[in-house]
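Not measured: the values here are computed from a predicted model. A note on names: the letters A, B, ... follow the listed sequences, proteins ahead of strands, and every chain is numbered from 1.
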2 protein chains.
Amino acid sequence: MTAVNKKLDPGQFFLQKLSMAKALQKRTLETRARLIAAAEAVIEESGYEAMRVEEVVLRAGTAKGTFFAHFKDKDALMELIIGARLDTYLDELEAAPDPKSVEALAQALMPLCAFMTSERYVFDLILRYSGAAAIEAIGPIAVNFGRQVDLFERWGTANRFRTDIGVDLQAEGIHAFMIQAMATHFCSLHNAQSINDRLVPYLKAWLAPNS
Amino acid sequence: MTAVNKKLDPGQFFLQKLSMAKALQKRTLETRARLIAAAEAVIEESGYEAMRVEEVVLRAGTAKGTFFAHFKDKDALMELIIGARLDTYLDELEAAPDPKSVEALAQALMPLCAFMTSERYVFDLILRYSGAAAIEAIGPIAVNFGRQVDLFERWGTANRFRTDIGVDLQAEGIHAFMIQAMATHFCSLHNAQSINDRLVPYLKAWLAPNS
DNA sequence: AATAGAAAATGACCGTGGTCAATTTTGGAG
DNA sequence: CTCCAAAATTGACCACGGTCATTTTCTATT
């Protein structure tokens, strides 16, 4: 895989998807911007799970039907907003220097992991949308997951942790363990261990076996 | 971890949860059995995603409120039914001889994986309930995931694939890659690769590095 | 057998996501 | 400027999960 996907804010992503359709009216852009802004405001105040379509359209000053003319369903807007957040984390990671050790690698991933696990609702939605195809066409979260693996490949190329497997396989493994560490984190109120403490042993065993 | 959890059908699981509460009336048992049977019939005919509470109570001959007196919500019944299915697969795996190679290990997991990925809805629900605690108290699917890891530990103890890491870590890795293989499977209508073909390279790299 | 209190069942009702035929607005052709 | 077809918006309406005060049924006590 090569890194073809660059950052997109919610609006830009929408534009890209419709780039080959007929031109959009200015009114359309304004309405969508109001809806997104209203949703972000609600989320800011009460969290992702608490977002209600009724509340969003009320604040945006539109009818409910307008919401669904702009977004396939509630989840589609959530995906847009969460995907944009994920992209800002990826931007920072891509701009930063490649981690030189397993510990540094895990450490670098923590801000992203913290956001993904900030709400159970967020984590579940991300997992649900991380695989495209079932949800017609590829969405922002699936795109972001592609960027993640691309970045891990870059890290693996710059600093070969393992030489017995390809960088792509190595990258997918990092990703799998990152998900595992986050998922496990939710399991235990008891035995409260940080995501980093869960991730490091996985990655050591994956990236530096027999050592 | 030790294997403390044996198979439970939906009814048994419910009983266990309430074992220390006051005795249940015979009527209660019958009603719940009718609800579960009705739900299973609907699922048999139309799949998990198509199950509707209204349809279930209609077939069971109860009022809607009765459904929610027996199950916290629709997902709780789904978890019971899906968890029971998962348990039958685990029973078979536990009864079978330990796989002697990575290929055999992956092969042994295929029936379980096939069920888990039989519907996107099923896979998402399993992931959502695989971590307990957030969903008050541990449910059948989380219990089953514990059984899975316990079994992988047994396999790893019987046939040490890697000696540089503990059997528990080894088992968690197998689990992580199993999830990864299934999740990736949903991503691509294009590039249709079997779950087994996805899982084997992961497990080879995990269980037999440098070879 | 009568009765009281607990357990179970009921169904009208609600919240919220999502639909769609009807209406309004827009941009452009003449 | 007028008019029209396409685009955007509207809000009444529906589907479906979930609630709860009320009613029915069960069980134990006398």
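In this structure, A/Thr31 reaches the D/dT9 phosphate: one of its side-chain N or O atoms is under 4.0 Å from OP1 or OP2.
Per the geometry, CG belonging to B/Asp75 stands 16 Å off P belonging to D/dC16, to the nearest Å. Counting to the nearest Å, the C1' atom of D/dT19 and the CZ atom of B/Phe67 are 14 Å from each other. In this structure, B/Arg27 places its CZ atom 16 Å from P of C/dA6, rounding to the nearest Å. When the P atom of D/dT9 is taken as reference, atom CZ of A/Phe71 falls 11 Å away, rounded to whole Å. In this structure, CZ of B/Phe68 is placed 7 Å from P of D/dT19, rounded to the nearest angstrom. As a whole-Å value, the separation of B/Asp73 CG from D/dC16 P is 17 Å. Atom CD in A/Glu30 sits about 12 Å away from atom C1' in D/dA8, given to the nearest Å.
Both B/Lys26 and B/Lys74 lie close to DNA chain D; mapped to their nearest nucleotides by heavy-atom distance, the more 5′-ward contact belongs to B/Lys74.
Nearest to the side-chain atoms of A/Lys64 among the listed nucleotides C/dG17, D/dT9, C/dA7 stands C/dG17. Comparing C/dA9, D/dT9, D/dG17 against the side chain of A/His70 picks out D/dT9 as the nearest.
Contacts of A/Thr28 with the nucleic acid, taken as non-hydrogen atoms under 4.0 Å apart, involve only primed sugar atoms and P, OP1 or OP2.
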Atom pairs and distances, donor-acceptor, side-chain atoms in residues 108-118 of chain A, under 3.5 Å, two or more places apart:
{"residue": "A/Thr117", "atom": "OG1", "partner": "A/Cys113", "partner atom": "O", "Å": "2.8"}
{"residue": "A/Thr117", "atom": "OG1", "partner": "A/Ala114", "partner atom": "O", "Å": "3.4"}
{"residue": "A/Ser118", "atom": "OG", "partner": "A/Phe115", "partner atom": "O", "Å": "2.8"}

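Heavy-atom distances under 4.0 Å link DNA chain D to A/Thr62, A/Ala63 of residues 47-63 of chain A, given in residue order.
Each of A/Ile82, A/Ile179, A/Asn144 was evaluated against A/Ile126; a single residue qualifies, A/Ile82, per the side-chain contact (heavy atoms from CB on, under 4.5 Å) test.
Contact annotation: the side chain of B/Trp206 never approaches that of B/Val102 to less than 4.5 Å [non-hydrogen atoms, C-beta and beyond].
For A/Glu44, the CD atom counts as loosely surrounded, since its 6.0 Å shell holds 12 or fewer non-hydrogen atoms of other residues, nucleotides or ligands.
Checked for salt-bridge contact, A/Asp124 and A/Arg120 meet the test: a charged N lies under 4.0 Å from a carboxylate O.
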Under the salt bridge (charged side-chain N to carboxylate O under 4.0 Å, His left out) rule, what do A/Lys72 and A/Glu79 come out as? Steps first, then yes or no, please. CA-CA 11 Å; A/Lys72 182 183 168 298; A/Glu79 207 205 342; over 6 Å; no
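Across B/Ala158 and B/Asp98, no two heavy atoms sit closer than the pair CB-OD2, 3.2 Å.
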